[in-house]
Structure formats: C-alpha cells, structure tokens
Visitor: 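Handing you a structure now.
For the single chain, residues carry numbers from 1 onward in sequence order.
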Amino acid sequence: MSDPRTPAHEAHEAGDRNPAADTGAPRLGFRTGDVVVVTGAGSGIGAATAAAAAAQGLVVSAWDLDAAALTAVSAAVRATGGVVDPHVVDVADASAVRTALARARSAYGPVRHLVNNAGPSSATELDFDHAVRLCVGSVRSVTQVWLEQAPPGATLVNTASVAGTVVGTASDWYSAAKAAIVGYTRHLAAHRADAVRANAVAPGMVDTPRLQGFAGSPTGQSVLARVPSHRMATPDEIAWPILFLLSPLASYVNGALLVVDGGWTVTQ
C-alpha cells in the first residue's frame, strides 16, 4: 500500500496490484487507482461499499460525520491492502464538500466515481421540510460540486430505498426524500448523460446498526415473514450491486433503479 502523501497516481497506475486479486473478489473492470467518494462510509452499506471498492483497486475517499467509525473502517480497508482516504465531512456543508473533494484530487487525481449514501435514519424525528432539504439537497449539492471537475467516464450511484418507491414508512419525510432521490437520479440520466452515468439502488431491509435487533422483534418477524428470502440483506449484498452499477460492466445502464430487497416488494 502506498503512503497517502504520495503524489497523484504515482503509486496507483493501471498496472499496479489490484487487491481484488488477493481477496477473491469478482473483477468488475475498474481501473486500478481511480478514485471513488463514498459518503456515509462509517457503517452499514457505506462501510461495505468502501471495502468492496477498495477490493477492486479503487482509491476510496471515505466520508462520514463519525470520526471514530471512519478510523475503524479505514483500518479494516488498509488491513486488506486497500487504499483509503478518510474525511470527516458534513455533506450538507458545501464548503466541507469542496474541501474534501479538493484534497482527494490533490492526493490521488480526478474523482471518477461517486456513491451518495449518507443520510439520516428513518427513525429520526425531523421536521419534514428540513429533512427533505437535508437529504435531497445534500445529494444534489455533492453531485453538482463533484461534476464541476469530474473526468470522462464519471459514474454515480445514489442510495434510495424501497420506501418511497413501493413501501411507505411511518416517517413521512423519509419516503418523500427517497422518492425524490430517485427522481433526481433520473434527471441526471436524462439531462446530464454527457457528464455522468447515474443510477440508484433501492435496498429493502438491511442488517445494519440502524436496524439492530429489528429482525427479532414482533414487528420485524411479521415483516420478514412477507419477504420471500425470509431475512434481511447483509450490507455486502447492497454494496456489490452498487459497485456493479458504478462499473464498466454496467456501461449501458443509465437512469435505472435497482431494487435489492430479497423479493419483498413483489409481495406487497
């Protein structure tokens, strides 16, 4: 693994060793040393995506509000030979976003890929207008700042949810925000295809810290009984579809919403 202070691309040329070769991870066609920003990388889907991206030979600019969580994720990535560049970033702060992107570009070169994954839990009590502005506005602002200097072949994936597409939640702002993120993804696909290939994933229930203990609760058991897979997804089972959509293997996939829910919504 190179020193994080190494000048851009000096130690990450396309022919360099790819950690995927060591981990048995499937090769998805990424160029070794290309940079991906993963927001909300401190836990759950974001942490799994960061690890999977590093296993593909990507340099991972990992963003989160939780410094301790970022430290743990970074240590895990480095332990497998991956390259990670952690930043404590509030995605709602445009200045912080610009600073983190500039630092990633300065250290490692153009940021070719973006995963907009950060956002509050549906269980959080938030004012509707504030929450929608926070969730959707931050996705849009991060994307716009990134696109200002995105290189050719740029790709992004937004994390939406089956909430807002098929299933409604008790939290009104959550369903509305996730539906809006899908709409914004389709806007990018239709009107910014010259600059980016944009897709979204819609996870169902995922076994993350946010849903800790849910599967064993009476409500959780009732819901899981309606899921043909009869279980929650692991974070890895969402991370790999995200990586596929980012990758050259999905080069003609644009504007898609990939539902990853174990068959839950087809039973609703």
Side-chain angles (χ1 to χ4, degrees), residues 1-39 41 46-63 73-74 76-87 100-117 142-143 145-159 188-189 192-201 236 238-256 258:
M1 184 189 72
S2 69
D3 188 294
R5 296 166 294 183
T6 302
H9 293 299
E10 185 175 299
H12 305 291
E13 297 299 330
D16 284 0
R17 181 182 63 80
N18 189 328
D22 300 332
T23 63
R27 296 295 294 270
L28 300 180
F30 290 105
R31 295 198 307 180
T32 299
D34 269 356
V35 184
V36 58
V37 166
V38 180
T39 71
T49 301
Q56 293 295 308
L58 295 174
V59 173
V60 180
S61 184
W63 297 8
V73 169
S74 298
V77 169
R78 289 170 179 147
T80 63
V83 181
V84 62
D85 180 37
H87 295 274
L101 280 169
R103 288 176 176 171
R105 286 192 298 264
S106 176
Y108 296 104
V111 178
R112 193 175 307 276
H113 309 292
L114 171 64
V115 179
N116 280 312
N117 176 70
V142 170
T143 300
V145 173
W146 167 66
L147 283 176
E148 290 173 3
Q149 298 189 51
T155 66
L156 75 79
V157 174
N158 293 325
T159 302
L188 291 171
R192 297 301 310 274
D194 60 319
V196 64
R197 184 169 58 78
N199 294 287
V201 292
D236 282 345
I238 311 301
W240 285 110
I242 288 173
L243 265 291
F244 165 71
L245 289 173
L246 282 182
S247 79
L249 295 184
S251 58
Y252 202 61
V253 182
N254 190 34
L258 179 57

Visitor: Show the nearest heavy-atom pair for residues Gly109 and Val35, with the distance to one decimal.
Guide: O-CG2, 4.1 Å
Visitor: Can a donor-acceptor pair be found, under 3.5 Å and without considering hydrogens, that links the side chain of Gln56 to the backbone of Pro26?
Guide: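 Flag set: sc Gln56 to bb Pro26 pair under 3.5 Å.
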Visitor: Is there side-chain contact between Val115 and Val36, with at least one heavy-atom pair below 4.5 Å?
Guide: yes
Visitor: Of all the heavy-atom pairs spanning Ala250 and Phe244, show the shortest one and how long it is.
Guide: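 Nearest heavy atoms, Ala250 then Phe244: CB-O, 3.2 Å.
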Visitor: Using side-chain heavy atoms (C-beta onward) and a distance below 4.5 Å, is Val77 in contact with Val60?
Guide: no
Visitor: When you measure from the side chain of Trp146 to the backbone N and O of Val111, does any donor-acceptor pair fall under 3.5 Å?
Guide: yes
Visitor: Mind checking the OG1-CG spacing from Thr39 to Leu114? Nearest 0.5 Å is all I need.
Guide: 7.0 Å
Visitor: Quick check: closest heavy atoms across Val73 and Ala41, and the distance to 0.1 Å?
Guide: CG2-O, 3.5 Å
Visitor: Check whether Arg197 reaches the backbone of Leu245 with its side chain - one donor and one acceptor, N or O, closer than 3.5 Å.
Guide: yes
Visitor: Taking Asp34 for the side chain and Leu58 for the main chain, is one N or O donor matched with an acceptor at less than 3.5 Å?
Guide: no
Visitor: Mind listing the closest non-hydrogen atom pair of Ser61 and Ala104 along with its distance?
Guide: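 Looking at all heavy atoms of both residues, the closest pair is OG-CB, 3.9 Å.
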Visitor: What I'd like to find out is whether the side chain of Asp85 reaches to under 4.5 Å of the side chain of Trp63, using heavy atoms alone.
Guide: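 With C-beta onward as the side chain, the pair stays apart.
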Visitor: Could you measure the distance from the CZ atom of Arg105 to the CD atom of Gln149? Nearest 0.5 Å is fine.
Guide: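 Answer for the CZ-CD pair, Arg105 versus Gln149, is 3.5 Å.
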Visitor: What are the two closest non-hydrogen atoms of Leu243 and Ala53, and how far apart are they?
Guide: CD1-CA, 3.9 Å
Visitor: Using only atom types and a distance under 3.5 Å, with no angle test, would you say the side chain of Arg112 pairs donor to acceptor with the backbone of Pro152?
Guide: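 Checked: pair present.
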Visitor: Any non-hydrogen side-chain atom of Leu147 less than 4.5 Å from a side-chain atom of Val196?
Guide: yes
Visitor: Could you state the interatomic distance from CD (Glu148) to OG1 (Thr143), rounded to the nearest 0.5 Å?
Guide: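 Interatomic distance, Glu148 CD to Thr143 OG1, rounded to 0.5 Å: 11.5 Å.
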Visitor: Among residues two or more places apart or on two chains, list those pairs meeting side chain to side chain donor-acceptor pair (under 3.5 Å) that have a residue in residues 150-159.
Guide: His113-Thr155, Asn116-Asn158, Asn117-Thr159, Asn158-Thr185
Visitor: Give the minimum heavy-atom separation between Gly33 and Val59, together with the two atoms involved.
Guide: O-CG2, 3.8 Å
Visitor: Is the backbone of Leu258 close enough, under 3.5 Å, to the side chain of Asn199 for a donor and an acceptor to pair up by distance?
Guide: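 Here the side-chain-to-backbone pair does not exist.
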Visitor: Is there a donor-acceptor pair under 3.5 Å between the side chain of Ser106 and the backbone N or O of Arg103?
Guide: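 It does not hold such a pair.
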